[in-house]
Each structure stands twice: as structure tokens, then as C-alpha cells.
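Every chain is numbered from 1, with letters handed out A, B, ... down the list of sequences. Note that this is a predicted model, so its numbers are computed, not measured.
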Amino acid sequence: MSEAYNPKAVEPKWQKIWDDEKAFHAPHDYSKPKMYNLVEFPYPSGQGLHVGHPRPYTAMDIVSRKRRLQGYNVLFPMGWDAFGLPTENYAIKNHIHPKIVTTNNVKRFKSQLHALGYSFDWEREVNTTDPGYYHWTQWIFLQMFKKGLAYKTEMPINWCTGCKVGLANEEVVGGVCERCGSPVVQKMQSQWMLKITAYADRLIDDLDSLDFIERVKVQQKNWIGRSHGAEVDFQLAGKDAKLRVYTTRPDTLFGATYMVVSPEHPYIDQFKDDIKNYEEVVAYREAAARKSDFERTELAKDKTGVCIDGITAINPVNGKEIPIWVSDYVLMSYGTGAIMAVPAHDDRDWEFAKKFDLPIIEVIAGGNVQEAAFTDVETGTLVNSGFLNGMSVAEAKKAITEFLAEKGLGTPKTNFKLRDWVFSRQRYWGEPIPIVKCEKCGYVAIPEEELPLELPEVDSYMPTDTGESPLAHMTEWVNTTCPCCGGPAKRETDTMPQWAGSSWYFLRYIDPHNDTCIADPEAMKYWLPVDWYNGGMEHTTLHLLYSRFWHKFLYDEGVVPTPEPYQKRTSHGMILGENGEKMSKSRGNVINPDDIVNEFGADTLRTYEMFIGAFDLAAAWSQDGVKGCRKFLDRVWKLQDLVTEGNAYTPALETKIHQTIKKVSNDYEEMKYNTGIAAMMTLVNEYYKAGTLTKEDYKVLLVLLNPVAPHITEELWEKMGFAGRIYQTTWPEYDEAKTVEAMIEVAVQLNGKVRAKIMVPADASAADAIAAGKEAVKDRLTGTIVKEIYVPGRLVNLVQK
RNA sequence: GCCGGUGUGGCGGAAUUGGCAGACGCAGCAGACUCAAAAUCUGCCACUGGCGACAGUGUGCCGGUUCGAGUCCGGCCACCGGCACCA
């Protein structure tokens with residue numbers, strides 16, 4: 001009898017051996033096929049590792065380990081996304097430098113990940129807070145600045161009235177400050193912006209060439225929000241001015257019965273003298289500005305507005321004079337800040353027209369426009385629309401667009417919901433923005449040789465009460481000279497957001513210690529793009545989009561060799577508490593991965609997290625489920641007592657083994673880890689049923705299981721005296737022909753109901769199978785058979801009347 | 001409101017993509033071992049009726065296509081996630 005399975009001895013032993021042997025270091029071996037697998041690097045929070053982390057990490061570790069055994073040169077790195085607010089807040093509260101907090105947290109995270117036996121190439125570890133790293137984050141920013149993609153502008157920011165500090169959107173929860181609960185208001189502040197909108201078209205169009213799961217593509221497309229339409233000019237009656245609107249439905253132009261401008265529209269002040277009710281309009285504008293986000297969205301159903309008295313517009317297609325209203329349902333930040341309202345065919349315009357009793361003119365037949373706006377573009381025919389009458393929506397769109405172009409009244413236009421990226425944070429713990437402001441020269445880039453521009457030591461990381469970054473207090477650091485004219489200048493004191501360092505980290509893994517460029521171009525050519533990137537859905541419209549944008553910019557600059565950073569993107573589901581709710585301290589349902597490793601072992605945790613359910617769906621934790629997985633590993637361990645000499649598969653087990661190799665090999669690639677593990681459990685059950693197994697039978701099980709449970713399989717490999725290490729072996733092959741049983745059980749159905757089971761040879765002809773099926777149910781064959789079906793290896797169905 | 005996802009035993013979940021619904025695991029029940037318990041091993045385990053062979057019902061609901069539907073089509077319902085006056 002073997003001694004009991006003891007992961008506490010086995011796991012540290014192999015973790016040390018793998019480190020010593022540099023088992024998972026990925027060299028630049030250009031002769032081998034490469035595979036670059038990536039998981040999102042964690043933010044090293046003070047809480048330590050969460051049980052949610054191992055789910056994606058184990059999944060990609062499985063793929064990486066399997067592909068290595070299949071002969072791939074695999075890059076599977078790990079690092080730390082370590083700038084960020086929680087660290088800074090913790091530092092402020094406890095008077096410890098964020099650098100020290102970060103170092104401690106990273107140390108803890110690393111030891112936790114190490115204890116889980118991941119095959120990360122630790123030689124390539126990166127940390128976004130390392131000056132050797134953010135040197136290149138700053139360098140990329142400078143390239144963008146030089147190309148006009150980074151610019152400074154006045155932007156409203158979220159201002160906490162309690163903390164007197166600017167907040168990131170993520171820190172504003174339900175209109176109040178996440179930390180102190182005080183109301184958050186909008187405050188104008190000068191901000192650095194990145195022109196992601198310049199890449200909007202490519203960020204949508206290039207998705208087609210990528211192997212991203214569909215919901216990621218859809219979410220990115222919706223976020224970018226491209227729409228095709230036209231800009232149309234409406235002449236103001238009696239004025240030498242035109243009001244320009246954007247519409248996606250130029251075909252409904254004849255139905256435009258009024259216009260609406262946003263409260264911030266410049267015409268309100270420009271035509272101040274003509275507006276008879278100017279006071280009323282301004283009062284409305286001020287009321288709209290005071291509305292909180294909550295009022296603007298939650299109370300959106302109730303339309304408000306004021307009719308501008310004194311100026312009107314002329315509908316360009318029918319010459320009708322129509323009123324102009326001001327309402328906050330029109331946003332200054334989208335399109336032209338003005339719309340033509342077609343209440344018959346737009347829900348919002350309809351609601352507004354009903355409330356203020358404005359005319360509703362049907363121009364597309366097919367609905368009842370007095371009851372509801374008719375917005376269907378697939379059906380319906382143009383009416384009351386002059387030369388467009390009788391056309392479909394699609395035809396009318398084309399005709400009106402040509403008409404407008406011909407008369408110089410309007411042009412086709414594409415708009416996006418996507419806005420430029422607010423890149424400034426008034427915080428300490430981030431990358432300094434490498435720009436100085438000179439009275440004479442304006443904003444000037446610091447010379448590249450001065451990079452990295454290191455974060456100075458400050459006395460206090462507390463934000464200032466003016467909303468400036470803590471760096472603003474560092475007068476000796478702030479006051480500098482202009483690299484352009486040599487005159488006095490001030491450094492930018494805002495820092496970059498956390499998204500900066502994570503926008504390009506996958507490039508740095510390729511060549512993490514290079515101090516002359518981002519990474520060696522030859523190495524990038526070999527490793528890029530990332531073959532497979534798994535991460536959370538919550539990063540789809542921020543991190544994932546931002547990093548695609550940066551990569552495309554670097555591609556245009558000739559820095560990186562591929563137009564896209566990631567070829568394939570998959571996503572994991574969340575791990576919930578035992579009660580099915582999200583894990584949180586307040587709910588008291590948090591599971592600490594350290595406890596699971598202590599009690600059951602890392603291999604059990606890994607196996608359980610892969611067995612818990614479909615990888616892309618949320619799954620609730622179950623302590624009993626963990627025990628079940630430990631039981632499975634115990635059974636694998638104890639199989640060693642049943643092993644006999646022999647370097648071939650046991651004949652009776654051969655089919656099952658080939659089937660299992662096939663199933664497990666496919667399931668790992670398709671992220672169906674739960675069914676792959678189930679198949680190995682079945683194989684283990686078969687081995688026990690057989691009572692004895694050869695070394696070869698055992699070996700194949702160990703290799704298949706190795707990616708999921710690397711420590712126990714490495715230990716058993718050694719105990720069985722197999723050559724070398726299991727991490728150096730090769731992945732088993734299966735023979736398709738041998739996955740099929742000689743005799744197969746087939747169901748016999750009568751009118752679709754199973755009435756008998758028969759055994760037929762796998763290669764039986766339809767006629768033979770049907771004949772055997774008839775024989776098996778002959779007692780029930782009372783009517784005439786009108787149809788006979790044989791699905792090879794599955795069933796016989798006899799239809800009788 | 002719009003977009004996306006999910007709905008299968010007591011529970012987590014399978015089902016070769018139109019072919020035997022419930023693999024695998026958990027829990028439960030019975031038995032073996034034990035003074036006993038734990039652990040381990042063996043067997044049973046969708047529901048209803050029947051001692052039983054067996055029969056009927058069953059994949060959120062209603063309808064359809066098909067020899068055959070968890071899977072396809074039409075119409076609903078519930079829950080989860082994202083966006084939210086984007087003209």
C-alpha cells in the first residue's frame with residue numbers, strides 16, 4: 001500500500017523543482033511554433049487573492065501546459081497592475097508610502113499565485129509602477145502628444161463636495177461619492193484627453209478579423225455606437241443663418257414639424273436679441289445644468305422644454321415655417337446639439353409633441369401615429385412626402401440624400417457615441433504626465449532622454465482642496481525650465497489613469513528588461529499578436545478597447561508589427577458565494593483561496609474551479625464540491641497500488657482510453673474543462689472496475705490530468721519511475737478508429753418512443769440494423785410500417801400506422 | 001426602453017449540435033468494514049402509478065415544423081449582465 005496523498009508535502013516540492021529547473025521559461029526559440037497566452041494581470045489589492053482569480057488563471061494554465069506538451073513554445077506571463085486608488089487611499093489612511101504598500105501586496109499575491117502552481121514565466125514579471133516600466137508608458141504618451149492625439153481641454157469632472165476632490169466615474173455610485181457619501185457635482189477642469197475617436201471606425205471594422213467571443217464584439221460595437229445619417233441645414237426665417245441638425249432618418253424630413261436645440265446650444269446667446277422670452281430660456285438652461293445625473297437619466301421619461309419665441313426655421317423640403325424649442329433631451333455633446341423633430345416616427349419626439357401639443361404628421365404609412373410613433377424601417381411606405389411618396393424607407397433615404405447633396409442642403413454624416421478618453425487624474429499614485437507648461441511655448445513634451453519622469457517623494461498624498469493633484473504642492477519639482485525656450489515652466493501635476501499601464505503590458509512581457517525600446521522588434525514579430533487573451537467582461541469597453549486603441553496607434557507609428565494586439569478573446573464567469581450571491585465581506589460569504597489550499601491542496605482547488613460549471617457562466621461555490629474533487633485526486637493517487645508492469649494499454653480499456661484522450665484534448669481547447677474532468681473521472685472509474693491497470697494505462701491518465709493538477713501528476717510520474725519530468729513529456733495521441741466500440745448499443749423506437757435496445761456491429765448496414773430492430777420489437781409490430789430510419793450507432797426508428 | 005445571456009432532478013451541471021434527456025460530481029438512502037463514528041468500498045437514486053415486469057408524464061409557458069425537438073420556427077414569462085433621451 002502506498003502512503004496517503006499529502007499535497008502539503010507534494011506541492012511545495014514540485015514548485016521548487018520547477019523554479020530551479022526554469023521549467024516554464026519561454027525562450028525566443030524561433031524554430032518552434034509559438035503560442036502567446038495571456039490573462040489579465042491583477043491589481044495587487046490589500047485583500048490578497050480572491051477565489052475568482054484562479055478561475056481564468058487555471059484555465060489558461062491548462063491550455064499553456066497542454067500546448068507545451070504538444071511542442072509549442074508558450075509565453076504565459078504574469079505581472080502587476082499596481083497603480084491605483086485603493087493603494088493610495090490605504091497609504092493616506094495608514095501613513096505608509098504607496099510604494100511600500102504595493103511592494104507588500106505584490107509579495108503576498110506572488111506567494112499565493114506561486115502556491116497554486118501556475119506555469120507563469122516569472123522571469124518576465126512586470127510591474128506598472130516600476131520606473132523602468134512606466135518609462136515606456138510615458139514614452140507612448142509622448143508619441144501620441146506629438147501626433148496630436150493627446151490634447152488638453154476644459155472638461156467637466158466629478159467633484160465630491162465632501163472630500164473636495166475629483167473622482168473617477170467608477171468612484172461615483174448612484175450620484176454620490178463612493179467613500180464619503182456626499183453628493184457629486186460636475187466641475188469644469190482642464191484635462192488631458194486622448195483622441196480615441198480618431199480610431200472609432202477601425203476599432204469597429206477590425207473586429208471582423210478577430211476571434212473574439214460574440215458578446216465582446218457586440219458590446220464594443222454598441223459602446224462605440226456608430227450611426228450613419230445626414231447633417232441637414234434649416235434656414236432660420238428672416239435671418240442669414242442656418243440651424244444644422246444631425247439625423248439618421250433624412251427620409252422623414254417632410255414630417256419634421258418642429259426643431260429642438262440643446263440647452264447649451266450657442267444660438268441661444270447668439271440670437272439673444274431676437275429671443276423674446278430669453279429670460280425664460282436662460283432659466284430653463286440653468287435648471288437643466290443643475291440637474292444631477294440621476295434626474296437626467298432616471299426621470300428621463302418626463303419631457304420638459306421651452307419654445308423659443310422670436311426665431312423659427314424653414315423646413316428645406318416643403319418651405320414650412322416651424323418652431324424651435326429648447327429641451328434637455330437633446331444633448332450638446334452628440335451630433336450638432338440640435339435636431340429636427342419628427343414626432344410621427346420617433347418615440348422621444350412623439351412624447352414631446354404629445355406633451356406640448358405639437359403637430360404630428362405621418363410620412364410613413366404602416367402604423368397609427370396618433371397612438372404611438374411608428375419607427376419600423378423595414379416595412380412602411382412614404383406618404384405626405386412630395387417626390388418621396390410611394391418609396392420604401394431605404395429608397396427614400398437614398399433619394400433624399402441625393403436631393404440634399406444636389407441642392408447643397410445637407411451631406412451624409414457618420415456619428416459615434418464614443419467620446420475621447422479623459423486621461424488626467426488629480427492623484428499621486430499614477431504615472432506622471434511628461435509635459436511642462438511654458439508661458440511662451442504652451443504645452444511642451446519633455447525630452448525622451450529625460451524619461452522616465454519619476455514620481456517625486458511627497459510629504460502627503462492627500463489630494464488638495466482645490467482639486468489639484470498632490471504633486472502640485474511640490475514646488476521644487478513643479479518649477480522647471482522649458483525644454484523648448486529655456487524659460488521658466490511648470491510641470492504637469494496630473495497623473496495618468498490606471499488604464500495607462502495596462503494598455504500595453506502584453507508588449508513588455510515580450511522583452512521586459514529592454515531599456516532602449518518598448519521591446520525588441522524581432523521578438524515582437526515572433527510573439528505578436530497575443531494568441532489567446534482571457535479576461536473579465538467588465539473590461540470589454542474600457543481596458544480591452546483602450547489597449548486596442550494604443551496598439552493601433554503604435555502600429556501606425558511602426559512600433560509594433562500587427563494591427564491588433566489580441567487574436568482571440570474569451571471570458572470567464574464570476575464565482576459566487578455558496579448562497580448564489582456575489583462574494584463580499586458584508587454578505588459574509590467570502591472564501592479565501594489560502595484556506596482551500598491548506599485544507600485540500602492547490603490541485604484540488606484548481607480541479608474544483610474547473611469542474612464547477614461552464615467556464616463562461618457564473619457559478620456558486622460549494623464546499624462539498626471541493627471535497628468531491630479532492631476525493632477524485634485521492635482515487636487517482638491510490639490507483640498506483642493497482643498498477644502492473646506493461647507498456648501497452650490493457651485491451652479491454654483501449655477504446656475508453658482513446659475516447660478519453662480525444663475528449664480531453666478537445667475540451668481543453670474549447671474551455672469545456674468541466675466535461676474534460678468528468679471524462680477523466682469516468683476513466684478512473686473504469687480503471688477501478690477493471691481492478692488492475694498497466695503502467696501505460698496509468699501514464700496516459702497522468703498526462704491528461706497534468707494540466708489541471710500538475711503537482712500530484714508530477715509526483716506520481718516520479719513514483720512510477722517514468723523518464724524525466726511530466727512537464728517534459730509529450731501529449732498523448734489518439735487513433736480515431738480506436739475510439740469506436742466494435743459492438744454498439746442502439747435504441748429501437750416505435751413512432752419515436754424507445755421500446756428496446758439492441759447490440760449491433762459498429763459498421764452494420766442500415767438494412768441489418770433495421771432488421772435486428774424489427775426482431776427486437778416484433779410483438780409490438782401490429783400495424784403497417786410506413787417508414788424505417790437508422791441513424792448509425794444511435795437508433796432505429798420504425799413508424800407504423 | 002434597447003442590446004446580450006440564461007432557464008434541464010433535491011443541488012452544480014451533461015447531451016456528439018435534430019437522434020436513447022439527466023454523463024460526471026454533490027447531497028440523500030441502503031449495505032459492507034468498525035465496539036462506534038469518520039474515512040473507504042458496493043448498490044440505489046427525475047416524477048406519478050404498480051410488489052413487480054411495466055405504463056404514463058417530464059428540459060420556464062403556449063403553439064408550430066419533423067418519423068423524431070432540451071436543441072429549429074413563431075409568440076410569451078422570469079432572472080442575470082451591459083447601455084440608457086446618442087436624434
Side-chain angles (χ1 to χ4, degrees), chain A residues 4 213-219 221-223 225-227 229 245-249 252 260 262 296-303 327-331 333-342 345-349 351-352 415-419 537-538 540-541 573-574 576 578 580 582 607-608 611-614 616-629 631-632 634-635 638 659 662-663 666 672 674-685 688 745-757 785-800:
Chain A
I213 52 171
E214 202 52 32
R215 56 193 175 129
V216 168
K217 288 190 183 185
V218 167
Q219 222 168 287
K221 278 181 193 165
N222 290 346
W223 182 262
R226 180 163 62 188
S227 74
V245 301
Y246 173 71
T247 178
T248 55
R249 298 293 305 277
T252 62
V260 186
S262 107
R296 280 210 140 189
T297 57
E298 295 300 311
L299 308 176
K301 302 131 219 161
D302 197 25
K303 297 274 181 294
S327 173
D328 63 3
Y329 86 89
V330 174
L331 309 174
S333 51
Y334 184 79
T336 62
I339 61 160
M340 63 174 207
V342 185
H345 305 291
D346 180 279
D347 290 322
R348 296 148 302 184
D349 297 345
E351 239 177 82
F352 193 83
N415 270 330
F416 299 93
K417 289 189 203 174
L418 185 70
R419 307 292 159 73
M537 280 307 289
E538 70 275 19
T540 302
T541 54
M574 244 199 297
L576 307 170
E578 293 218 59
K582 197 173 166 176
T607 306
Y608 175 65
F611 189 62
I612 191 167
D616 59 334
L617 299 180
W621 189 264
S622 157
Q623 202 72 5
D624 283 329
V626 178
K627 273 193 258 173
C629 288
K631 205 163 116 181
F632 166 60
D634 278 322
R635 279 164 66 78
K638 284 183 292 191
Q659 287 170 347
K662 181 181 180 180
K663 175 85 181 143
N666 290 338
K672 289 159 83 174
N674 53 338
T675 52
I677 291 168
M680 290 185 283
M681 288 173 168
T682 306
L683 185 64
V684 168
N685 293 343
Y688 273 100
E745 189 187 65
V746 165
V748 183
Q749 296 184 335
L750 265 182
N751 293 5
K753 281 191 194 285
V754 179
R755 294 301 180 189
K757 307 258 173 112
I785 295 176
V786 294
K787 197 160 189 178
E788 300 171 340
I789 296 144
Y790 176 56
V791 182
R794 298 263 151 215
L795 55 77
V796 171
N797 190 13
L798 305 170
V799 185
Q800 68 173 344

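For B/C26, one of the phosphate oxygens OP1 or OP2 lies less than 4.0 angstrom from a side-chain nitrogen or oxygen of A/K631. Close to B/A87, at under 4.0 Å from its OP1 or OP2, lies a side-chain N or O of A/S227. Within the structure, every side-chain polar atom (N or O) of A/R635 is placed at least 4.0 Å from both OP1 and OP2 of B/A39. Phosphate proximity of B/C2 to A/K417: absent, as no side-chain N or O sits under 4.0 Å from OP1 or OP2.
Contact annotation for A/N674: backbone-only contact, meaning every heavy-atom pair under 4.0 Å involves sugar-phosphate atoms and none involves a base. Nucleic acid contact for A/E745: base, since at least one base atom lies under 4.0 Å from a heavy atom of the residue. Within the nucleic acid shown, A/G628 comes within 4.0 Å of sugar-phosphate atoms alone, with no base atom in reach, counting heavy atoms only. Among the heavy atoms of the strands, none lies under 4.0 Å from A/R226. Among the protein residues, A/V218 comes within range of the sugar-phosphate backbone only, with heavy atoms under 4.0 Å from sugar or phosphate atoms but none that close to a base. If you check every strand for non-hydrogen atoms under 4.0 Å, A/N685 touches sugar and phosphate atoms only. Looking at heavy-atom distances under 4.0 Å, A/A618 makes contact with sugar-phosphate atoms alone, never a base. If you check every strand for non-hydrogen atoms under 4.0 Å, A/E214 touches nothing. Looking at heavy-atom distances under 4.0 Å, A/T247 makes contact with sugar-phosphate atoms alone, never a base.
Of the residues listed (A/N797, A/V791, A/V796), the one engaging A/R794 in a side-chain contact (heavy atoms from CB on, under 4.5 Å) is A/V791, and it is the only one.
B/C47 is paired with B/G56 under the Watson-Crick or G-U wobble criterion, all donor-acceptor distances under 3.5 Å.
For the P atoms, the distance linking B/G19 with B/C73 amounts to 15 Å, nearest Å. For the C1' atom pair drawn from B/G25 and B/C45, the interatomic distance equals 14 Å after rounding to whole Å.
Atom NZ of A/K627 is separated from atom C1' of B/U40 by 15 Å (rounded to the nearest Å). As rounded to whole Å, 11 Å separates atom P of B/G5 from atom CE of A/M537.
Nearest to the side chain of A/D624, among B/A27, B/G25, B/G4, sits B/A27. The side chain of A/R755 has B/G56 as its nearest neighbour among B/G19, B/G56, B/A87. Closest approach to the A/T682 side chain among B/C24, B/A23, B/G19 is made by B/C24 (side chain taken as heavy atoms from C-beta onward).
Classification of the A/F352-A/Y329 ring pair by plane angle, with boundaries at 30° and 60°, yields tilted.
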Pair A/D349, A/M340 - check side-chain contact (heavy atoms from CB on, under 4.5 Å), show working.
CA-CA 9 Å; A/D349 297 345; A/M340 63 174 207; over 6 Å; no

